[in-house]
Amino acid sequence: MTLSQRLKETDWIDVILWLFRAVIIILIVVGIVRKLFFGAGVAYSTKDWLDFITSGLSQGGLYALIALGYTMVYGVLFMINFAHGEFFMSGAMTSAILVGATLDSTGFLDSQPLISIILLIFVSVLTSMVVALLTERIAYRPLRRAPRLVPLITAIGASFFWQNLFRGFFGSAVKPYPVPESLEGRVNIMGFDFLKVRIVVLIASIIALIALYLFVQKTRTGKAIRAVAEDKDVATLMGIDVDRTIAITFAVGAFMAGIAAVLWGMTFKQVNFTMGFVPGIKAFTAAVLGGIGSIPGAALGGFFLGLIEAVGPPLILEGLNLPGVHQLKDVIAFTLLVLVLIFRPQGILGEKMAEKKA
Amino acid sequence: MSILELDNVHAYYGKIHALKGVSLRVEQGEIVTLIGGNGAGKTTTLRTICALMRPTVGSVIFEGEDLSRYKPSALASRGIAMVPEGRGVFAKMTVLENLEMGAFHRKDKEIDADIERIYDLFPRLRERRTQLAGTMSGGEQQMLAMGRAMMSRPHLLLLDEPSMGLAPVLVEAIFSTIVDINKQGTTVLLVEQNALMSLEIANRGYVLQTGEIVLSDDARALKQNEMIQKVYLGIE
């Protein structure tokens, strides 16, 4: 084949994409090499690196918990529920303001931390589930047979609705989230110092993820959710009430978001009516990253995103001599989303969209 | 009393008038076949019986009860099971899980015993019980779909083109299993394009053309019918 023939048959979009990919890979490699071998940027101690990694993983656990709601709802409805971040916000705000403030002022929080956390989680989960079920019943179910764009726009509308409703309830000021004294400070594990709250959040989110996985795999209700995700008509033939199962799926996603809300509150110590937006978008990114529709994918995507957000700036961006790298973690997260959408739209564990029955 | 009776059923598939007054009866213990070409309304008829679609006019009476009173998901426990077109197994579930889904509405303690009975009927399924259903061959998936339908202990089994896409030797096996299932007391309504095979095992048959029943008779008489021979059996 002559050169001119070869040029004619080249798809220029592919060439640009290949160049793009090459540039990204070169930037990453150059950044890491300059950082590790030529000491570019700030010199971090081992403790600093361990902090980056643990905070990244615990943040990732939170993303994973929220991402489950996106991925499970997508699994049964093929719909991106953009109001999911508000399910998370509603749990965080209600538990902080209705229960947390009292627990804190009476001193019960510090004297009985475990009972207090269980109480906070109970209130948070309950609120998230009620908000989710109301949203599903009022805003989504009547539109089940509408074109796909319609529920998407409704979801954005529902999101605004809940944000402003909670602003009406609790005001627009930033409120503190109560943290028991025993979770403050650092803990020494095998000779290394870790932030206590990060370790607790990481362990709690892993336990919640495993529990959810077992629920979906082993229980009757979990199997019904999987059956509805695969084929609604056949699920109906098996005697599964599809509408009820979809509502349960929303409730389960909201349950995980409610747990994440308390853990998030304890990590960042404050709540606000807008707090659901960024975690929601990040968790959605994590779900897409792992392969939307896949539960292990959501978990993997969450941890991966959290880790790369925390470690990426010091490891890669500092090596490239960028200023203010720690402000750039959102840039990393959304660059990653764009890269995944371009190069592997089905995500890490997802299957090709074409195989899905819409 | 007939186990199933459709009376003047009209149904729309989107804007298409798919069923134009279909009336048919299935008696207790029979195998009845519904034959017809592509787009004749065979699948629509079955979907209407299972309440996945509702008739706009007419009624579906099952064991003396009008099915419009029931939610679609209640029909499995009411005694109707369907093997859908293209088998409809849950591809990402194991063979065992698929069979368990068939017994989803049941609360009795004999489910495990029934799974063993299905394994005896289809030994291949026992070998593959931990395998994901989507990784099996078409014939195995057909067996699984039939086994799953039997797990609900149906009074009436609806089969939508069980022979589709299968090798002739497998079709023979599937059809002889249908006869076995029927002998054990399950009434069967069989929808087929393969008229030759289905008239072979059926007691009676109906011929559906563009949403209307154009002919109904004993299976033996239908096989002798000139129009059937020409259009569906390919005999000149």
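Computation of the quantities below employed the complete heavy-atom set of this structure, encompassing side-chain atoms and omitting hydrogens, waters and symmetry-equivalent molecules. Order of the sequence lines fixes the chain letters, A, B, ..., with proteins taken first and strands second; residue numbering starts at 1 for each chain.
Relative to the six-membered ring of Phe90(B), Arg226(A) misses at least one condition, a distance below 6.0 Å or an angle of at most 45° to the axis.
For the pair Ser73(B)/Val242(A), no side-chain contact is recorded, criterion being any heavy-atom separation below 4.5 Å from C-beta on.
Counting non-hydrogen atoms of neighbouring residues, nucleotides and ligands closer than 6.0 angstrom, the CZ atom of Phe303(A) exceeds 12 such neighbours. Other residues, nucleotides and ligands contribute only 12 or fewer heavy atoms inside 6.0 Å of the OH atom of Tyr213(A). Enclosure of atom CZ in Phe122(A) is not indicated, since only 12 or fewer non-hydrogen atoms of other residues, nucleotides or ligands lie within 6.0 angstrom. Around the CZ atom of Arg21(A), the shell of radius 6.0 Å holds more than 12 heavy atoms that belong to other residues, nucleotides or ligands. A 6.0 Å sphere centred on CZ of Arg137(A) holds no more than 12 heavy atoms belonging to other residues, nucleotides or ligands. The local environment of OH in Tyr13(B) is sparse, with at most 12 non-hydrogen atoms from other residues, nucleotides or ligands closer than 6.0 Å.
We find the NZ-OG1 distance between Lys71(B) and Thr236(A) to be 10.5 Å, quoted to the nearest 0.5 Å. Considering NZ of Lys92(B) and CG of Asp231(A), their distance stands at 11.5 Å, rounded to 0.5 Å. With rounding to the nearest 0.5 Å, the separation of CG in Leu75(B) from CE in Met238(A) is 12.0 Å.
Among the candidates Arg47(B), Met93(B), Arg78(B), Arg106(B), the residue making the largest number of heavy-atom pairs closer than 4.5 Å to chain A is Met93(B).
Checking each of Met82(B), Met101(B), Arg148(B) against Leu237(A) for a side-chain contact (heavy atoms from CB on, under 4.5 Å) leaves exactly one that passes, namely Met82(B).
With a 4.5 Å cut-off on non-hydrogen atoms, Pro72(B) touches chain A through its backbone and its side chain both. Contacts between Ala91(B) and chain A at a heavy-atom distance below 4.5 Å involve backbone atoms as well as side-chain atoms.
Ion pairing of Lys223(A) with Glu100(B) is present here, as a side-chain N (NZ or NE/NH1/NH2) and a carboxylate O approach within less than 4.0 Å.
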